[in-house]
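Data first, discussion second: the structure below is written as structure tokens.
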Amino acid sequence: MSQSTERIRSLALAGHAGAGKTTLFEAMLHAGGALTAMGSVERGSTVSDTDPMEKARGHSIDASIASIERNGYRIHLLDTPGYADFRGPALAALAAADTVAIVVNAANGIEHGTRAMMNYAKERRLARIIVVNRIDAEGADLALLVDDLRNEFGNECLPLNLPASRGHTVRDAFFQTTGDTDFSSPGEAHQRIIDQVVEIDDDVMAHYLDAGESALSATEMRGAFERCLRDGHLVPIVFTGARDGIGVSQLLEIVERILPCPGETNPPPLP
């Protein structure tokens, strides 16, 4: 079916090898209704790793694309290789995306590929979102990882949702402000996001200070949020456990409701 530009999203999954990008790609297609069952990297049955060498090695060599039709939105997803030897296809894929999701292994934290792809996306003035994956991994310290991400990439990195039940579920912190979480709280995370978003626009900030958050229209918030993402004033952090589908539906909802639609600005060419 055809959609207006406002109903189209394009998201490239990038980051270090082993972060779980291909599994997340598969989980998003499954949660979005494009697949009846998830494939497995170990079994060589994923949608994106079709080359015999990819199946044998258990990792992506080239970029892959697939689409989801959901809730009146069309979401184009790109899975990119994480190993530095195959970074060319990953960088080329950024030209087809409006937003780059930098996938981070919760157990391993910030790695070389994390830094490289965050920097490339920033140079191209693409909206960025950090997806902390494998949140149910044994020994993962998610609160410490959020601190590390903010120290490494700036205070504009803020959680948009939070892990709960020891990493076995995810609780929204943008549309909701209550609930138990493994660290911080939805109310605290929500307030930090709102404070960051409204300060991008003087009129929105004035309206917010005069009348409070409830007085802001959906159009005001959507416009301010999109500008924050495009200007790099906000880099949302979200949490997933792709293998078991933890937080994947919530990630798709964020893609639909919050991430930018195709823009008119032309990014600089890749180096």
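Source: prediction; values computed, not measured.
To the nearest 0.5 Å, atoms CG (Asp147) and SG (Cys157) are separated by 11.5 Å. Here CG of Leu13 is found 5.5 Å from CG of Leu24. Values are rounded to the nearest 0.5 Å. Once rounded to the nearest 0.5 Å, the distance linking CG of Leu142 with OG of Ser184 reads 12.5 Å. For the atom pair CZ (Arg257) and CZ (Phe175), the distance works out to 3.5 Å, reported to the nearest 0.5 Å. In this structure, the separation between CG on Leu11 and CD1 on Ile75 is 8.5 Å, given to the nearest 0.5 Å. For the atom pair NE2 (His112) and CE (Met117), the distance works out to 10.5 Å, reported to the nearest 0.5 Å.
Remark: side-chain polar atoms of Asp201 are not paired, donor with acceptor, to backbone N or O of Ala224 under 3.5 angstrom. Side chain of Arg171 to backbone of Asp180: a donor-acceptor contact under 3.5 angstrom is found. Looking at His233, its side chain does come within 3.5 Å of a backbone N or O of Gln196 through a donor-acceptor pair. The backbone N or O of Ile102 sits nowhere less than 3.5 Å from a side-chain atom of Lys21 that would complete a donor-acceptor pair. Side-chain N or O atoms of Asp182 include one that pairs as donor or acceptor with a backbone N or O of Ser165 at under 3.5 Å. Side chain of Ser10 to main chain of His76: no donor-acceptor pair is present (N/O by atom type, distance under 3.5 Å, no hydrogens or angles).
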Inset, instruction - May I have the step-by-step check of side chain to side chain contact (heavy atoms under 4.5 Å, CB included) for Asp172 and Gln250, ending in yes or no? - result: CA-CA 8 Å; Asp172 172 63; Gln250 292 92 328; 5.9 Å; no
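Checking Asp195 against Gln191 by side-chain atom types alone, a donor-acceptor pair falls below 3.5 Å. Of the N and O atoms on the side chains of Ser64 and Asp79, not one donor lies less than 3.5 Å from an acceptor on the other residue.
Residues Ile254 and Met28 share a hydrophobic cluster, clusters being chains of Ile/Leu/Val/Met/Phe/Trp/Tyr side chains in contact below 4.5 Å. At a threshold of 4.5 Å between side-chain heavy atoms, the hydrophobic network of Ile, Leu, Val, Met, Phe, Trp and Tyr places Ile258 and Val248 in one connected group. Under the 4.5 Å side-chain heavy-atom criterion for Ile, Leu, Val, Met, Phe, Trp and Tyr, Phe183 and Leu145 are members of the same hydrophobic cluster. No single ILVMFWY cluster, assembled from side-chain heavy atoms under 4.5 Å apart, contains both Val198 and Ile200. Hydrophobic clustering places Leu252 together with Leu35 (ILVMFWY residues linked when any side-chain heavy atoms are closer than 4.5 Å, directly or through intermediates).
Contact record, Ala66 with Leu29: CB-CD2, 3.8 Å, taken as the closest heavy-atom pair. In terms of heavy-atom proximity, Phe174 sits nearest to Met221 at CZ-CE, 4.4 Å. The two residues Ala34 and Ser67 come nearest to each other via the heavy atoms CB-O, 3.9 Å. For Asn133 against Ala242, the heavy-atom pair with the smallest separation is OD1-N, 3.0 Å. Pairing each heavy atom of Pro186 with each of Leu162, the nearest pair is N-CD1, 3.7 Å. In terms of heavy-atom proximity, Leu126 sits nearest to Ala97 at CD2-O, 3.3 Å.
Taking 4.5 Å as the limit, some side-chain heavy atom of Leu234 sits within range of a side-chain heavy atom of Val197. The shortest side-chain heavy-atom distance between Val255 and Tyr73 does not fall under the 4.5 Å cut-off. In this structure, the side chains of Met118 and Val100 stay at 4.5 Å or more apart for every pair of heavy atoms. With contacts defined as side-chain heavy-atom distances shorter than 4.5 Å, the pair Glu6/Arg222 does not qualify.
When each of Arg74, Arg7, Arg9 is tested with Glu69 by the rule salt bridge (charged side-chain N to carboxylate O under 4.0 Å, His left out), just one qualifies, namely Arg74.
For Arg166, the side chain to side chain contact (heavy atoms under 4.5 Å, CB included) partners at least two apart in sequence or on another chain are His168.
Cation-pi geometry between Arg128 and Phe153 is not satisfied (NZ or CZ under 6.0 Å from the ring centre, within 45° of the ring normal).
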